[in-house]
Amino acid sequence: MEEIVTAGYITDIKRFATHDGPGIRTTVFLKGCFLRCKWCANPETYEAYPQLYFIARRCAECGKCVGICPEQAISMLKEQKIDRARCSLCFKCLSTCLSGALQQIGRQVTVGMIVDEVEKDAPFYGSEGGVTISGGDPFYKKKFTIELLKAMR
């Protein structure tokens, strides 16, 4: 009997997408990709788990994130803000970053959560629109993608 996988990781669900296939679409961006293509438009999808991102231009240099990090993985240096080897991905720093310079990229979702979100857009699809599964690589977590497609049929 085949294993059913009901939860996976995504970076985002984009509604009213017009560039990811014909018609009006909802694009689901899955996390995880082996390929690491040089031209990749979504490098934040490479890893299959949530990640901590730092956007230097948004940083107010207040230092609050440095003080709250239990692993001492964050510094005041914009060029080397996060020591990835030390960071445990606890995301405690997010609550102190009022400028939005630190962000969590990726979250765990269930197949049902995605279907609920996608169904909100169904009235706009018409005869050509629909759902695009993107990423990352949809085949990175093949069983989850298959379950998702079955549920959206």
Audit row: Met152, Val28, side chain to side chain contact (heavy atoms under 4.5 Å, CB included) steps and yes/no: CA-CA 12 Å; Met152 288 191 296; Val28 179; 5.6 Å; no

Within the structure provided, determine whether Phe29 and Ile10 are in side-chain contact (heavy-atom separation under 4.5 Å). no

Apart from Leu98 itself, its cluster of hydrophobic side chains linked below 4.5 Å comprises none

Phe34 vs Tyr140 aromatic rings, parallel, tilted or perpendicular, using cut-offs 30° and 60°?
tilted

Exercise. Within the distance-only criterion (no hydrogens, no angle test), does the side chain of Asn42 pair as donor or acceptor with the backbone N or O of Gly136 below 3.5 angstrom?
Worked result: no

With Lys31 as partner, the option from Glu47, Gln51, Glu44 fulfilling side chain to side chain donor-acceptor pair (under 3.5 Å) is Gln51

Closest heavy-atom pair, Met76 versus Gly63, reported as atoms and distance to 0.1 Å, is SD-CA, 3.4 Å

Point to revise | Any Glu117 side-chain heavy atom under 4.5 Å of Thr26 side chain | key: no

Query raised in the report: Is Val109 linked to Ile13 within one hydrophobic cluster, defined over Ile, Leu, Val, Met, Phe, Trp and Tyr using a side-chain heavy-atom separation of less than 4.5 Å?
Result: yes

**Report entry** Greater than 12 external heavy atoms within 6.0 Å of Phe16's CZ
**Finding:** no

When every non-hydrogen atom of Thr27 is compared with those of Ser134, the smallest separation belongs to CG2-CB, 3.8 Å

The reported gap from OG1 in Thr145 to CG in Leu30 (rounded to nearest 0.5 angstrom) is 5.0 Å

For Lys78, the side-chain contact (heavy atoms from CB on, under 4.5 Å) test, sequence neighbours excluded, returns Phe54, Ala56, Cys59, Glu61

Across all chains, not counting sequence neighbours, the ring pair (Phe, Tyr, Trp, His ring centres under 6.0 Å) partners of Tyr46 are none

- prompt: Are side-chain heavy atoms of Cys65 and Lys81 found at a separation under 4.5 Å?
  reply: yes

Separation between OG (Ser99) and CD1 (Ile55), nearest 0.5 Å, reads 9.0 Å

_Between Arg25 and Val131 (side chain of the first, backbone of the second, donor and acceptor by atom type, cut-off under 3.5 Å), is there such a pair?_
yes

Do Ile82 and Leu52 come within less than 4.5 Å of each other through their side chains, counting heavy atoms only?
yes

When Thr110, Leu149, Thr6, Ile114 are each screened for side-chain contact (heavy atoms from CB on, under 4.5 Å) with Phe144, the one that passes is Ile114

Tell me if a side-chain donor or acceptor on Thr11 pairs with a main-chain N or O of Thr45 at a distance below 3.5 Å. no

| request: Decide yes or no for Leu102 and Phe91: does some side-chain heavy atom of the first lie under 4.5 Å from some side-chain heavy atom of the second? | output: no

Report yes if the side chains of Ile24 and Asp121 come closer than 4.5 Å at any heavy-atom pair, otherwise no.
no

Rounded to the nearest 0.5 Å, the SG atom of Cys93 sits from the CD atom of Glu71 at a distance of 11.0 Å

In terms of heavy-atom contacts, Ala7 and Gln108 come closest through CB-NE2, 3.7 Å

(message) Does Gln72 have more than 12 heavy atoms from other residues, nucleotides or ligands lying within 6.0 Å of its CD?
(response) no

In terms of heavy-atom contacts, Val118 and Tyr125 come closest through O-OH, 3.3 Å

* Asked: Applying the 4.5 Å side-chain criterion to the ILVMFWY set and letting contacts propagate, would Phe139 and Leu35 be lumped into a single cluster?
  -> no

Is the shortest side-chain heavy-atom distance between Gln104 and Leu94 below 4.5 Å?
yes

